[in-house]
Every structure is written in structure tokens, then in C-alpha cells.
Number of protein chains: 2
Amino acid sequence: MLKHQKEMALLKEHLGKRQLKYTRQRELILDAFLKHEHITAEELYHQLSRKDPHLGLATIYRTLNLFCEAGLAQARHFGSQTQYDNVSHKGHHDHLICTECGKIVEFENCDIERLQEEVAARNGFVIKTHRLELYGLCSRCQH
Amino acid sequence: MLKHQKEMALLKEHLGKRQLKYTRQRELILDAFLKHEHITAEELYHQLSRKDPHLGLATIYRTLNLFCEAGLAQARHFGSQTQYDNVSHKGHHDHLICTECGKIVEFENCDIERLQEEVAARNGFVIKTHRLELYGLCSRCQH
DNA sequence: TTGAAATTGATAACCTATTTCAATTAGCTG
DNA sequence: CAGCTAATTGAAATAGGTTATCAATTTCAA
């Protein structure tokens with residue numbers, strides 16, 4: 001049973017173009033990475049070190065950066081750590097964040113996304129992903 | 001000529017409530033901070049060390065975090081550094097970021113902001129600030 | 001199978017941000 | 001306005017996440 005066929009093909013294509021190699025580690029990390037909507041390097045490391053105790057943290061970082069270049073992942077700096085988002089995960093959502101109590105509400109809005117495309121087009125950009133965070137006070141914290 | 005009256009009052013109010021003190025350094029840093037739409041601690045440090053060579057970087061960080069707690073600033077992790085946004089600055093702009101060459105285009109879009117308000121209202125939130133980043137390829141990097 | 005080039009793992013280095021701590025300062029109290 | 005206590009500061013040490021280094025290993029085209 002072969003999983004993540006499409007992403008694996010994308011990765012191989014990216015590697016081929018740049019004379020990079022398809023290694024056991026890259027396959028292992030890709031497989032584990034794609035199981036999550038987003039994950040940190042450290043989390044992936046702990047998870048994978050069970051399967052392969054010799055896998056180094058540096059390799060995880062290098063590989064995640066590779067995924068970003070290949071368009072499979074998207075780095076997002078959040079707090080002191082970096083979250084690597086799984087781009088192939090379709091259910092993209094944005095966040096409403098209460099600065100008082102930390103409550104987070106996820107939402108999705110097609111109209112906003114359409115306007116984003118317009119802005120991008122006007123500036124000659126093609127959007128791959130985006131990040132929208134609204135900071136404010138939730139109903140309970142407004143006083 | 002007194003500048004930044006409103007923000008200074010806000011800060012003093014915040015300090016008063018928590019038995020914190022209004023110091024020369026805090027005034028200095030507030031003044032310099034408010035001149036920018038957003039700035040990093042390091043930049044602020046270099047700028048201020050001309051006026052006061054003894055001002056420490058740690059104090060800049062401490063004070064910027066204080067501003068965040070007081071609602072005057074908003075921290076935004078960007079790349080490897082933290083940008084501190086000046087909340088009182090109305091002309092808020094969003095970013096189009098090229099993931100290939102790093103080019104950044106700033107933009108503003110009232111329609112998007114209006115839709116954001118709608119989403120927030122629907123969820124009982126009152127927005128203070130937001131952050132919108134569109135990642136993709138600029139015209140030159142599309143091939 | 002062979003060999004050049006890429007990759008890996010381990011660790012050191014890096015960079016930003018925070019913590020520590022003795023000396024200084026703010027700002028009440030009398 | 002002097003005295004006192006708690007907060008603040010500067011300098012340097014420390015922390016924590018990420019990247020660079022390098023010898024050994026692995027990939028993959030010829």
C-alpha cells in the first residue's frame with residue numbers, strides 16, 4: 001500500500017531538477033510529516049526517533065526546509081518555535097485570537113480569499129498559501 | 001511640545017495599576033517606538049544607543065514586552081526576528097511575500113478589512129489588530 | 001561496480017531573547 | 001525633603017531553537 005503518492009512525486013521532481021537525492025531519511029520524514037496538518041521539527045524528531053534512533057535533529061530541520069522549497073510545507077513562526085504546515089492539507093483555516101484569554105476560533109471565508117487573489121494578481125504574485133490572524137477580545141473578555 | 005500624549009497616558013495608566021514605575025528609559029523607548037509603524041528590538045537598540053550609550057538591549061526587550069502587555073504594541077514573529085507593531089498606527093498594511101526570492105510587497109485593502117470585521121462580529125470578537133501574509137511567487141520567480 | 005557528488009549524524013556555533021544579580025532609581029511616607 | 005522599599009537597570013551569563021561544519025556514508029549515473 002503506497003501512501004502519499006502525489007507528494008512523493010512532487011518531492012522527487014523537485015529533487016531531480018536540482019541533482020538532489022532521494023534518501024531513506026527523506027522518505028521517512030515525508031511520510032511522517034504528511035500525517036499532520038502542522039508540526040514542529042522537535043515533535044517530528046521525537047516521533048521518528050522511535051523508528052530510527054539514529055536520525056539526527058539537523059536532518060529533520062534540513063528536510064523540512066527542503067519541503068518548504070519544494071512547496072510541500074510552509075514555515076510559520078509562532079511564539080518561539082516554527083510550525084511547518086502541511087500544504088497539501090486542504091482544510092485551510094484562519095484564526096481569531098483573544099489576546100486576553102488566549103481563546104482561538106478557527107474560520108474560513110471565501111470572500112476574503114477571493115480578495116486576496118485579486119490583490120496578489122494586481123501585484124503579479126501567484127499565492128501558494130497564506131496566513132490570516134485576527135487579534136482582539138472575545139465576547140467574555142470585553143470590559 | 002508634547003508628543004504621544006495619548007499613548008503615554010495609556011502606559012502610565014497600565015504602570016499605575018501594577019505598581020510599576022515610569023522611568024526615563026521607558027519614556028525614551030516609548031518615544032522612539034511610536035515613531036515607527038513596526039520595528040525590531042535590535043533596530044530600536046541601535047537607534048537609541050546614539051542618544052543613550054548605556055541603554056541595554058535587555059531593557060529594550062523588557063520594555064517592548066511591557067508595551068505589548070499595555071496594548072501599545074503587538075509582537076509578530078517574522079523570519080528569525082520579532083517585529084513589534086505600533087498598534088496606534090492606523091495605516092496598517094499587510095504583506096505579499098515571495099517564497100523564492102524573499103521580496104516583500106506591502107498592501108492595504110479596505111474590503112478585506114471590512115470582511116474581517118464581519119467575521120469577528122459573527123464570533124463575538126472585537127479586533128484590535130490583525131496580520132495577513134500572502135505567500136507565493138512574485139512575477140520574476142514564476143517559472 | 002565504481003566514483004563523484006550529495007547527504008547524514010554528531011556536535012559546535014549562532015542568534016535572538018530572557019534571566020540573573022548587584023547597583024541604581026522611582027516615588028511613596030513621614 | 002530625607003529615608004525607605006520595591007521596582008528597574010545594565011552587563012553579562014544563560015537559554016532555546018535553528019543552522020553550519022566536517023568526516024563518514026550513501027546515492028545514482030556512467
Side-chain angles (χ1 to χ4, degrees), chain A residues 8 11-33 38-70 73-85, chain B residues 8 11-30 32-33 38-70 73-85 102:
Chain A
M8 195 174 287
L11 178 60
K12 282 184 175 170
E13 187 194 330
H14 180 84
L15 295 174
K17 278 183 187 168
R18 317 188 177 208
Q19 293 178 263
L20 304 179
K21 295 169 179 174
Y22 190 73
T23 65
R24 187 179 58 79
Q25 288 89 338
R26 283 174 180 168
E27 178 164 9
L28 205 66
I29 295 171
L30 178 65
D31 205 58
F33 170 69
H38 49 72
I39 194 167
T40 64
E42 204 76 38
E43 285 165 358
L44 253 185
Y45 178 60
H46 284 126
Q47 209 168 299
L48 284 172
S49 54
R50 275 183 240 125
K51 290 188 184 177
D52 183 346
H54 289 293
L55 191 63
L57 183 56
T59 301
I60 307 270
Y61 276 108
R62 280 188 288 236
T63 306
L64 285 172
N65 287 337
L66 176 72
F67 291 172
C68 288
E69 285 161 25
Q74 169 74 49
R76 202 162 42 102
H77 306 280
F78 204 77
S80 66
Q81 280 195 300
T82 302
Q83 286 280 344
Y84 291 86
D85 292 359
Chain B
M8 195 174 289
L11 178 59
K12 282 184 177 169
E13 187 193 331
H14 180 83
L15 295 174
K17 277 183 188 168
R18 317 186 177 209
Q19 293 178 264
L20 304 179
K21 295 171 181 176
Y22 189 73
T23 65
R24 186 179 58 78
Q25 288 89 338
R26 284 174 179 168
E27 178 164 12
L28 205 66
I29 295 171
L30 178 65
F33 171 70
H38 49 73
I39 195 168
T40 64
E42 203 77 36
E43 285 165 357
L44 211 44
Y45 178 60
H46 284 125
Q47 209 167 301
L48 284 172
S49 54
R50 276 183 239 125
K51 291 186 182 175
D52 183 347
H54 289 292
L55 191 62
L57 183 55
T59 302
I60 306 270
Y61 276 107
R62 281 189 285 236
T63 306
L64 284 172
N65 286 336
L66 176 72
F67 291 172
C68 288
E69 284 162 24
Q74 168 78 47
R76 201 163 44 100
H77 305 281
F78 202 77
S80 65
Q81 280 195 297
T82 301
Q83 287 279 346
Y84 291 86
D85 292 359

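Here is how names work: the chains are called A, B, and so on, in the same order as the sequence lines, proteins then strands, and each is numbered from 1. What's counted below: heavy atoms across the whole structure, side chains too, no hydrogens, waters or symmetry copies.
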field: Rounded distance (Å) that lies between atom P of C/dA10 and atom CG of A/Leu55
entry: 9 Å
field: Identity of whatever pairs with D/dT27 - Watson-Crick or G-U, under 3.5 angstrom
entry: C/dA4
A/Tyr84: ring-ring contact (aromatic ring centres under 6.0 Å, His included) partners, not counting sequence neighbours: none
message: Within this structure, what is the CD-CD1 distance for the pair A/Gln81 and A/Ile39, rounded to the nearest 0.5 Å?
response: 11.0 Å
query: How close or far is atom C1' of D/dT8 from atom CD of B/Glu27, stated in whole angstroms?
result: 15 Å
message: Could you tell me how far apart B/Lys51 (NZ) and D/dG10 (P) are, to the nearest whole angstrom?
response: 15 Å
- prompt: 5'-most contact on DNA chain D: B/Asp52 or B/Arg18, nearest heavy atom basis?
  reply: B/Arg18
- prompt: If only side-chain N and O atoms of A/Arg26 are considered, is one of them under 4.0 Å from the OP1 or OP2 phosphate oxygen of C/dA6?
  reply: no
task: For residues B/His14 and B/Glu69, report the shortest heavy-atom separation together with the two atoms involved.
output: CE1-O, 3.6 Å
task: Step by step, work out the side-chain contact (heavy atoms from CB on, under 4.5 Å) result for A/Gln74 and A/His38.
output: CA-CA 9 Å; A/Gln74 169 74 49; A/His38 49 72; over 6 Å; no
query: Which whole-number value in Å describes the distance from B/His14 NE2 to D/dA7 P?
result: 14 Å
task: Measure across A/Leu57 and A/Ala41 and return the closest heavy-atom pair with its distance rounded to 0.1 Å.
output: CD1-O, 4.2 Å
task: State the OG1-CZ distance between B/Thr59 and B/Arg26, to the nearest 0.5 angstrom.
output: 9.0 Å
query: Between D/dT27 atom P and A/Leu28 atom CG, what is the distance in whole Å?
result: 13 Å
- prompt: Could you write nucleotides 22-30 of chain C as a row of B, S and -, 5' to 3', where a protein heavy atom under 4.0 Å of any base atom gives B, of only sugar-phosphate atoms gives S, and otherwise -?
  reply: ----BS---
message: In this structure, how many angstroms lie between the C1' atom of D/dT25 and the NE2 atom of A/His54, rounded?
response: 14 Å
- prompt: Say you draw a straight line from CG of A/Leu64 to CD of A/Gln83; how long is it, rounded to the nearest 0.5 Å?
  reply: 11.0 Å
- prompt: How would nucleotides 12-21 of chain D be written as a contact map, 5' to 3', with B for base contact, S for sugar-phosphate-only contact and - for no contact, using protein heavy atoms under 4.0 Å?
  reply: B----SSBBB
field: 4.5 Å side-chain heavy-atom contact, B/Gln25 and B/Ile60
entry: no
statement: Rounded to whole Å, CG of B/Leu66 lies from C1' of C/dT18 at a distance of 15 Å
- prompt: Please give, in whole Å, the distance from C/dT7 P to A/Leu11 CG?
  reply: 11 Å
message: For B/Tyr22 versus B/Leu15, what's the shortest heavy-atom pair and its separation?
response: CD1-CD1, 3.7 Å
